[in-house]
Amino acid sequence: MEIQMKSIDTNLSNFIYEKVKNDIVEMRRVPGSFVLERRIAEEFSTSRTPVREALKRLMQEGWLVGEDRCRSRVSELTELRCHEVFAVRNMIESYALNDTFERCSCRALAGKLDMEIKKMEDQKDDPIAFVHADLHFHTVIVEHVGNHILTKIWQSISDEIMRISIFSMDEERQPERIIAEHNSIMEALWNENPQELISLDRHMNLIMEGLARMLDKN
């Protein structure tokens, strides 16, 4: 019976962890906002034990910053942290695209990306779903290489990329503009012209410009 109860608590803790983390990534819990152990327990109609375990895990991963025993804050999005994440992102994607050109598999990847762009177009009216589709476009680029270690590194920063991308969307980062930037990357591959891949750098720079505008507002 005791083992069964521990298993239930573990499963519930995992569920709470995923839900709170997803709320942070998708900006339903904004940077700097409080996360109270008591309120989370009430929200999930449970005791504080599985909540405490879930929040402890989120603090260990840097999504939350502990304030006291029962209260924490959602970690801030600092310019330095965002630049660090996007520096790693840019290195991974640049390597993946260069490897694709070297292996002469550009058009195969372009075909995959064309389908991803269509999915983005279908999600233009849902900002969160649109950013998910946007991120998956870039995930396809990384996974096309077939390097499992590279993919694992990418997956480890994907949630942070997602949160930054949602945060950086302002009136100048509209879906039509973002789709046009993705089309430029896809066309560079289809034309098998590595010189056109400055479109990736331009895309990254525009995201960071949007981020800077949002940080200034906050």
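If you read the sequence from its start, that first residue is 1, and numbering goes on from there. Just so you know, these numbers come straight off a predicted model, no measurement behind them. Just so it is clear, the values below take in all heavy atoms, side chains as well, and ignore hydrogens, waters and symmetry mates.
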Is any NZ, NE, NH1 or NH2 atom of the basic residue among Lys21 and Glu18 found under 4.0 Å from an Asp or Glu carboxylate oxygen of the other?
no
Between Glu93 and Arg89, does a side-chain contact (heavy atoms from CB on, under 4.5 Å) hold up when you go through it step by step?
CA-CA 6 Å; Glu93 286 198 72; Arg89 172 185 182 173; 2.9 Å; yes
Where Pro31 and Leu77 come nearest, the two heavy atoms and their spacing
CB-N, 4.1 Å
Quick check: closest heavy atoms across Ser72 and Met59, and the distance to 0.1 Å?
CB-SD, 4.4 Å
Identified side chain to side chain contact (heavy atoms under 4.5 Å, CB included) counterpart of Gln155 within the set Ile153, Thr151, Asp159, Ile157
Thr151
Using a strict threshold of under 4.0 Å (side-chain N to carboxylate O), is an ion pair present between Arg57 and Glu61?
yes
Please assess Val88 against Trp154 for the test side-chain contact (heavy atoms from CB on, under 4.5 Å), listing each intermediate value before the final yes or no.
CA-CA 9 Å; Val88 175; Trp154 175 262; over 6 Å; no
Tell me whether Arg71 is salt-bridged to Glu37, with the criterion being a basic N under 4.0 Å from an acidic carboxylate O.
no
Are Val65 and Leu55 in one and the same hydrophobic cluster, where Ile, Leu, Val, Met, Phe, Trp and Tyr link if side-chain heavy atoms are under 4.5 Å apart?
no
Work out which heavy atom in Ile178 is nearest to a heavy atom in Asp134; give both atom names and the distance.
CG2-OD2, 3.6 Å
Give the cluster check for Val140 versus Trp190: same hydrophobic cluster or not, with ILVMFWY residues linked at side-chain heavy-atom distances below 4.5 Å.
no
List the steps, then state whether side-chain contact (heavy atoms from CB on, under 4.5 Å) holds for Ile185 with Glu181.
CA-CA 7 Å; Ile185 298 169; Glu181 294 166 16; 5.9 Å; no
Has Glu79 got more than 12 heavy atoms of other residues, nucleotides or ligands less than 6.0 Å from its CD?
no
Ser13 side chain to Pro50 main-chain N or O, any donor-acceptor pair under 3.5 Å?
yes
What distance separates Ile161 CD1 from Ser156 OG, expressed to the nearest 0.5 Å?
8.5 Å
Starting at OG of Ser165, measure out to CE of Met27 and round the result to the nearest 0.5 Å.
11.5 Å
Nearest-0.5 Å distance that lies between atom CZ in Phe130 and atom CD in Gln174:
9.5 Å
Taking the side chain from Asn147 and the backbone from Ile149, do they hold a donor-acceptor pair closer than 3.5 Å?
yes
Identify whether the distance between the nearest side-chain nitrogen and carboxylate oxygen of Lys19 and Asp23 falls below 4.0 Å.
yes
Flag the pair Leu12 / Glu53 as yes when at least one side-chain heavy-atom distance between them is below 4.5 Å, and no otherwise.
no
Mind jotting down which residue pairs meet the ring-ring contact (aromatic ring centres under 6.0 Å, His included) criterion with at least one end in residues 11-30? Sequence neighbours excluded, please.
Phe15-Phe44
Minimal non-hydrogen separation, Phe101 against Cys106, with atom names:
CD2-SG, 3.2 Å
Closest non-hydrogen contact found for His182 with Phe137 is CD2-CD2, 3.0 Å
Side-chain donor-acceptor contact under 3.5 Å, Lys112 with His144
yes
Under a 3.5 Å distance rule, please check whether Ser45 uses its side chain to pair with a backbone N or O of Ala41 as donor and acceptor.
no
Within the side chain of Arg73, is there an N or O that forms a donor-acceptor pair under 3.5 Å with the backbone of Ser33?
no
Flag the pair Glu160 and Arg81 as a salt bridge only when some basic side-chain nitrogen lies within less than 4.0 angstrom of an acidic carboxylate oxygen.
yes
Can you hop from Leu113 to Leu135 via hydrophobic side chains spaced under 4.5 Å?
yes
Can you measure from CZ (Arg213) to CE (Met169) and round to the nearest 0.5 angstrom?
11.5 Å
Steps toward side-chain contact (heavy atoms from CB on, under 4.5 Å) verdict (Tyr95, Val142):
CA-CA 9 Å; Tyr95 172 83; Val142 176; over 6 Å; no
Is a side-chain donor-acceptor pair under 3.5 Å present for Arg163 with Ser75?
yes
Are Val30 and Ile128 co-members of a hydrophobic cluster defined by side-chain heavy atoms under 4.5 Å apart?
no
With rounding to the nearest 0.5 angstrom, report the CZ to CD distance, Arg107 to Glu192.
5.0 Å
I'd like to know if Leu36 and Val74 are part of one continuous hydrophobic network [Ile/Leu/Val/Met/Phe/Trp/Tyr, side-chain heavy atoms within less than 4.5 Å].
no
Euclidean distance, Ile117 CD1 relative to Asn183 CG, rounded to 0.5 Å
4.0 Å
For side chain to side chain donor-acceptor pair (under 3.5 Å), just list the numbers for Glu116 and His138, CA-CA rounded to whole Å, side-chain angles, deciding distance to a tenth of an Å, and then say yes or no.
CA-CA 9 Å; Glu116 297 304 318; His138 294 279; over 6 Å; no
Near Arg39 CZ, under 6.0 Å, is it more than 12 heavy atoms from other residues, nucleotides or ligands?
no
Going by heavy atoms in the side chains, are His132 and Gln123 under 4.5 Å from each other?
no
Electrostatic pair Lys118-Asp114, nearest N-O below 4.0 angstrom:
yes
Looking at every heavy atom in both Pro127 and Asp125, which two are closest together, and how far apart are they?
CD-O, 3.7 Å
Between Glu43 and Arg38, does at least one N-O distance fall below 4.0 Å, as a salt bridge requires?
no
